[in-house]
S.K.: 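Here it is, the structure, as structure tokens.
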Amino acid sequence: MITLYEYTRQPRYWVAHDEEGYWLVPARNGGWEDRVPFVGHAVNLRLVTDMEGIDLGLPAGEV
């Protein structure tokens, strides 16, 4: 299962957490393919509850 958190708004990125770790993902269609490992520190990230029609291209059944 993948959990998404809001990270930045301009440019728009989300932090994704899965069994392999944390990823920085562009919040746009197909963004999953352009993810990179998230190396950093962030506090008080908000859970993404509405993907606003964005199809990251995640593996089926992951979110």
S.K.: Cluster question for you: counting only ILVMFWY and a side-chain heavy-atom cut-off of under 4.5 Å, with indirect links fine, are Tyr7 and Leu47 together?
M.R.: yes

S.K.: What's the shortest heavy-atom distance between Leu45 and Glu6, and which atoms?
M.R.: CD2-O, 3.2 Å

S.K.: Do Leu56 and Leu4 have side chains that get closer than 4.5 Å, going by heavy atoms?
M.R.: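 A side-chain contact under 4.5 Å exists here.
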
S.K.: Taking a hydrophobic cluster as the set of Ile, Leu, Val, Met, Phe, Trp and Tyr residues connected by side-chain heavy atoms closer than 4.5 Å, whether directly or through intermediates, do Ile54 and Tyr13 fall within one such cluster?
M.R.: no

S.K.: Looking at residues at least two apart in the chain, or sitting in another chain, which of them share a ring pair (Phe, Tyr, Trp, His ring centres under 6.0 Å) with Tyr5?
M.R.: none

S.K.: Would you say CG of Asp50 has more than 12 non-hydrogen atoms from neighbouring residues, nucleotides or ligands within 6.0 angstrom?
M.R.: yes

S.K.: With hydrophobic residues grouped by side-chain heavy-atom distances under 4.5 Å, do Tyr22 and Trp14 end up in a single group?
M.R.: no

S.K.: Output all residues satisfying salt bridge (charged side-chain N to carboxylate O under 4.0 Å, His left out) with Glu52, sequence neighbours left out; order by chain, then residue number.
M.R.: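 By the salt bridge (charged side-chain N to carboxylate O under 4.0 Å, His left out) rule, Glu52 matches Arg12.
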
S.K.: Following the transitive rule for hydrophobic clusters with a side-chain heavy-atom cut-off under 4.5 Å over Ile, Leu, Val, Met, Phe, Trp and Tyr, establish whether Val48 and Leu58 coincide in one cluster.
M.R.: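 Yes, it is one cluster - the side chains of Val48 and Leu58 are joined through contacts under 4.5 Å.
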
S.K.: Do the side chain of Asp55 and the main chain of Asn29 share a donor and acceptor less than 3.5 angstrom apart?
M.R.: no

S.K.: If you look only at distance, which donor and acceptor atoms sit under 3.5 Å apart when one is on a side chain in residues 30-43 and the other is two or more places apart or in another chain?
M.R.:
residue : atom : partner : partner atom : Å
Asp34   : OD2  : Arg28   : NH1          : 3.4
Asp34   : OD2  : Arg28   : NH2          : 2.4
Arg35   : NH1  : Trp32   : O            : 2.8

